[in-house]
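Below is one structure; the comments refer to it alone.
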Amino acid sequence: MKIAVCVKQIPDPATPYALDPITHFVVRPAEQVLDDTDRYGIELGLQLAEASGGTVTLVSMSPVGNLQGIRQALAMGADKAVVVNDPALRGSGALVTARVLAAAIAREEADLVITGTESTDGYAGVVPQMIAELLDLPALTFARKVTLEGTTLKVERQTAGGYDEVEATLPALISVTSGAVEPRYPTFKGIMQAKQKPVDQPTAADLGLEPATVGAAGSGQVISEVRPAPERSGGVKIKDEGEAHLEIVKLLERAKVI
Amino acid sequence: MSHQPVRPGRSDPKDFLAIDALLDDDERLIRDTVREFVADRILPGIADWFEAGRFPKELALEMGKLGLLGMHLDGYGCAGTSNVAYGLACTELEYGDSGTRSFVSVQGSLSMFPIHAFGSEEQKQEWLPRMAAGEVIGCFGLTEADAGSDPSSMRTHARRQGGDWVINGSKMWITSGGIADVAIVWAQTDEGIRGFIVPTDTAGFVANDIHHKMSLRASVTSELVLTDVRLPESFMLPDVVGMKGPLSCLNEARFGILFGVMGAARACYEAALDYAGTRIMFSKPIASFQLIQRQLVEMMIATNRGMLLAMHLGRMKDAGTLTSSHISFGKLDNVRTALEVSRTARSVLGANGITLEYPVIRHMNNLESVFTYEGTNEIHTLILGQAITGIPAFS
């Protein structure tokens, strides 16, 4: 079984993000790390591949930099990576990102596509569903538990009030939540071998995508302005003269918390 | 040559000299992986293990899976990392606790290394993969109750009887002795000092754990007693005779220590820095006071200096230019530095510094053992004295 896992290199969340003053795009340093939430998808992919004798291919789209984030993912045990690396992709919106990733996944002829639910630097949260639509695959999203029996994929889909039991036949796409599996540590042998693993770096054109259809231009969107979030206001002070709890209950009711 | 102006601005208080930039990608990834493992698996339990006097033996398999055990050895299930990577792993482990770092040092450098360096092919095949996996735990029997700094005066001896060896004697202060499946025991023979691979279930082998320790409490320390322990020839390490066998193992372990203790020092410095920033006295954080700032700065300088020394010696080891006297320099200076940092941190934390809620007194007590084991401060001083004068002052 061929499993494709979508991963993303992002600027280290420990350091503040910089935005380009003119384009407002995130400035991507050479040194980027693996998005921490991707580790769940990689772990799930590795478990399913180990159980079925399959392979795990990482699929990503970003400036490659020094590939540190991709190597982190390869060190966990993935077999190879495809990183679509093309300056023309700069400024791509969610739909163009999905088109590029879908084209890369199609080339790999994956039986199963695994993604996270959203990236930690973008938070659009729509790319997994878009990829599924573009590849004409069933999308089993927000999986908190995944089992594969033959070619039948069974998923517990996290909902606001509990979970749904959904299933589909391969090929399919699943997006996994952080509770689905416990990611493994990269092993030292894995770290030592990660540099020898193949990292294919096609351009958008290599994947058959016209330059005009990708990047900021192809996305048909412009970030016109970026404003800092407003400072939090002072809130409400309640002086307790024996009745403060009633005031608090009223506030909570108004906020529909209780 | 272009002139680069000195940049104004602050440094990262937790990596002041940007030593991170001296690491290559693999080293950084290994360092980060061990750091995460320590944060997930060691830090949450260490205060309780220390108080209960228990080594978390269940971690051995997890460490094996990660590749920590014998990580810088090649083949036989070992990862084959650089020496710097091994050193950095020791730093992160000892940021957790000197006991967990000691376990890894004893397993990789003192138990697996002699089999790897001096063992037969059959011995390597039999023992190393299971030891790398953490399925078999090793210990190293050199020191005796009356033979510490002068191990060549050991009384444990092995005699040939028929085709077998019969070993008698006892060993003292043996890390992991009571939990070990196999002991590397050094003994006098008619041919000189030799090493033996002794399965701990061999008749006549007994390990007695040492209790009432005030240091390395999350680590097992034992006495080994060998009474007519009979082993076939195939359990003797064939490729070394004399003190250079055990001493080469000690060089490996001391190398890990000179990195490791800087992890303990960093833990103490960071605890003191965080504490001084939040502890309010006279209506302001105690970090505002000049006397405290001086203590914080001295700790920061000492920790960075020690880490630079470790990195330099690590690069020399990878380049093949490191000598045993270089290791003495590092072991002597970095352990005493770490001990001093831990005591300063203990003072900055005031009364809170004596509880296990903070890591400092645990590290401080642990480092008293590290100060003594693997060559005391005095012995390393004499090794360095001999190195620069050419005159041995041992006797």
Side-chain angles (χ1 to χ4, degrees), chain A residues 7 9-16 18 29-40 42-43 46-47 50 58 62-78 81 83 120 178-179 181-199 201, chain B residues 10-15 18 20-21 23-42 59 61-90 92-93 104 107-108 129 132-134 318:
Chain A
V7 299
Q9 298 193 118
I10 61 170
D12 190 341
T15 51
E31 179 112 341
Q32 297 198 93
V33 298
L34 178 68
D35 188 335
D36 203 50
T37 60
D38 286 338
R39 298 197 301 164
Y40 302 95
I42 298 166
E43 177 62 38
L46 292 172
Q47 286 182 11
E50 282 159 6
L58 307 169
S62 79
V64 289
N66 63 9
L67 282 173
Q68 174 86 353
I70 296 295
R71 289 228 174 79
Q72 276 175 273
L74 289 170
M76 285 177 72
V83 186
T120 305
S178 54
V181 282
E182 182 64 35
R184 67 193 66 187
Y185 300 106
T187 67
F188 296 174
K189 266 189 225 162
I191 291 171
M192 305 286 288
Q193 288 161 358
K195 268 195 180 142
Q196 272 82 52
K197 289 182 176 172
V199 179
Q201 297 180 25
Chain B
R10 295 179 58 190
S11 273
D12 177 356
K14 297 195 172 169
D15 181 19
D20 189 77
L23 313 186
D24 71 23
D25 292 347
D26 286 355
E27 290 162 353
R28 191 170 298 121
L29 202 43
I30 287 174
R31 191 267 322 264
D32 291 348
T33 302
V34 184
R35 187 172 286 188
E36 195 181 341
F37 175 77
V38 169
D40 291 347
R41 304 293 295 123
I42 294 178
L59 289 184
L61 287 173
E62 291 182 43
M63 290 175 169
K65 207 168 167 189
L66 205 58
L68 269 169
L69 307 176
M71 63 185 275
H72 63 314
L73 304 177
D74 282 319
Y76 308 99
C78 305
T81 69
S82 70
N83 288 289
V84 167
Y86 171 54
L88 293 166
C90 288
E92 296 308 319
L93 284 167
V104 169
Q107 182 81 353
D318 279 326

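Chain naming here is simple, since letters A, B, ... match the order of the sequence lines and numbering starts at 1 in each.
By the side chain to side chain contact (heavy atoms under 4.5 Å, CB included) test, A/A75 pairs with A/P186, A/I191, A/A194, B/L29, sequence neighbours left out.
Between A/F188 and B/G67, the shortest heavy-atom distance links the atoms CD1-O, 3.1 Å.
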Extract the chain A to chain B donor-acceptor pairs under 3.5 Å, no hydrogen or angle test applied.
| unit_1 | atom_1 | unit_2 | atom_2 | d |
| --- | --- | --- | --- | --- |
| A/R39 | NH1 | B/E36 | OE2 | 3.0 |
| A/R39 | NH2 | B/E36 | OE2 | 3.2 |
| A/Y185 | OH | B/D40 | OD2 | 2.9 |
| A/F188 | N | B/L66 | O | 2.8 |
| A/K189 | NZ | B/G77 | O | 3.3 |

